[in-house]
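Have a look at the structure below, then the notes.
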There are 2 protein chains.
Amino acid sequence: MVHDSRVSSRAASARPALEPGAEGVGVRLRRLREQAGISLSELARRANVGKATLSGLENGTRNPTLETLWSVTAALGVPITALLAGGQTGVVRGTAVEATLLQVFDDGPVTYELYRMVVPPGPAQASPAHHTGVTEHVTVFSGVLQAGPADAPLLAGPGEHISWTSDVPHRYAAVGDEPVHASLLIRYPRAASPQP
Amino acid sequence: MVHDSRVSSRAASARPALEPGAEGVGVRLRRLREQAGISLSELARRANVGKATLSGLENGTRNPTLETLWSVTAALGVPITALLAGGQTGVVRGTAVEATLLQVFDDGPVTYELYRMVVPPGPAQASPAHHTGVTEHVTVFSGVLQAGPADAPLLAGPGEHISWTSDVPHRYAAVGDEPVHASLLIRYPRAASPQP
DNA sequence: GGCGACCGTTCCGTTTGCGGAACGATGGCG
DNA sequence: CGCCATCGTTCCGCAAACGGAACGGTCGCC
């Protein structure tokens, strides 16, 4: 369920502002606070934020700043992602592939994105070529995956690993009736120089 | 000109610690945007935020609201957590290996655990044999890793992948002076018990 | 019952993040 | 060469998020 999170410009904002994310954040915050066994006033005191701020945040009637979120989560001793990741984390949907971004690892010259991927049975998904030097690495959890360059796809069953350079058109498809679960690692070398 | 006596512009921080300030967020945002190959103006247009907002955000001179972060990350197609970069989930520490559990995938007869692993330079870490049928899969992000069965270790450099069956004693070590960053996937056939 | 401590919400003045507009810098093009 | 589009930064009025104070409500204790 991909919900459109584009926020209309604030012009003509005659409706009560309740952006999609704030509600869930408030609910999760209240749950975390109650799990910690402290009152709203006490948390406000520890986090050095106003009670009004905290109250509005838990009820979803405010649009908190990043600094506020950091203060509150630090006082609770939880990572800030505990408030934000409760809903769906980054889900990228293609025509036949659904990938959930687990982590981004940035090593200066190279960036890695680690996904968990699900390929349902059905028609293959075609992907256009990425930038030069991009490679993809897949380890299959379950099912049988056919993936790789469109002209020379590879096969991988449970526990197997395949990789290819994705600077050519490539594709993903599940072989058989079973959906494929896999981890997908995309490696982006630092392409600071655009191609003419 | 506003006189700000406490601007932390380009503070040459000695350690790569998680700075709760917006500075790290700005750096990551700029990197993600350049990786997507779009200009600041273009991203501002797509995300329906002002260029001033985006500029100040990338330079760490603003304290963005959650709504702004939602809009920008949605326009980039990345999860909001990609900006906050704090995946401090479960952390497993060995004598020479630090692994962060990213996700557990339970497929009935098989359980997968996906880690991000860091092996600092120094003496190797020895691991005793796991249960029969357990396999490990490593994809190296940076550095050179020597890993695998103690009597026949394998080598892998950046972007390379190695795997082995870990039902025999095995080891991990960084080759050279550079720490090794890698993803580690452990596959436990037949409902295995989590690692103590 | 009266009273004080604490709860979470609401009101209010101040602070600040917001988008739009204007700015100088840069590059493509006739 | 001038012209124009686009880049990223800076200025500015406005709306909103902020902390502090006041509010009504509930509980425990004398």
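First the proteins, then the strands, lettered A, B, ... as listed; each starts at 1.
Interatomic distance, CG of A:L83 versus CG of A:L57, reported as 8.0 Å (0.5 Å rounding). Taking CH2 of A:W164 as the start and CG of A:L154 as the end, the distance is 7.5 Å to the nearest 0.5 Å. To the nearest 0.5 Å, the span separating CG on A:L43 from CZ on A:R30 amounts to 11.5 Å.
Note: CG (B:L54) to C1' (C:dG20) measures 15 Å, nearest angstrom. Distance A:N63 CG to D:dA15 P: 16 Å, rounded to the nearest Å. Computed from coordinates, the B:N48 CG to C:dG17 P distance equals 21 Å when rounded to whole Å. The separation between B:I38 atom CD1 and D:dT6 atom C1' is 15 Å, rounded to whole Å. Distance, B:E34 CD to D:dG8 P: 9 Å, rounded to whole Å. Taking atom CG of B:L43 as the reference point, atom C1' of D:dT6 lies 15 Å away to the nearest angstrom. The separation between B:E67 atom CD and D:dA16 atom P is 10 Å, rounded to whole Å. When the P atom of C:dT9 is taken as reference, atom NZ of A:K51 falls 10 Å away, rounded to whole Å.
Looking at the side chain of A:T53, the nearest of the listed nucleotides C:dT9, C:dC18, D:dG19 is D:dG19. The listed nucleotides are D:dC18, D:dT9, D:dC11; the one nearest the side chain of B:A52 is D:dC11. Of the candidate nucleotides D:dG19, C:dC18, C:dG19, C:dC18 has the atom nearest to the side chain of B:T65. Nearest to the side-chain atoms of A:L40 among the listed nucleotides C:dG8, D:dT9, D:dC18 stands C:dG8. Distances from the side chain of A:R33 to the nucleotides C:dG19, C:dG8, D:dG20 place C:dG8 closest. Of the candidate nucleotides D:dG20, C:dG8, C:dC7, C:dC7 has the atom lying nearest to any side-chain atom of A:R45.
Between A:R62 and D:dC18 there is a side-chain polar atom (N or O) within less than 4.0 angstrom of OP1 or OP2. In this structure, B:S41 does not reach the D:dT6 phosphate: none of its side-chain N or O atoms is under 4.0 Å from OP1 or OP2.
A:R46 has its side chain within reach of A:I38: a pair of non-hydrogen atoms, C-beta onward, lies under 4.5 Å apart.
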Going through the checks in order, is the salt bridge (Lys or Arg N to Asp or Glu O under 4.0 Å) test met by A:R45 and A:E42?
CA-CA 5 Å; A:R45 210 170 301 127; A:E42 175 63 22; 2.6 Å; yes
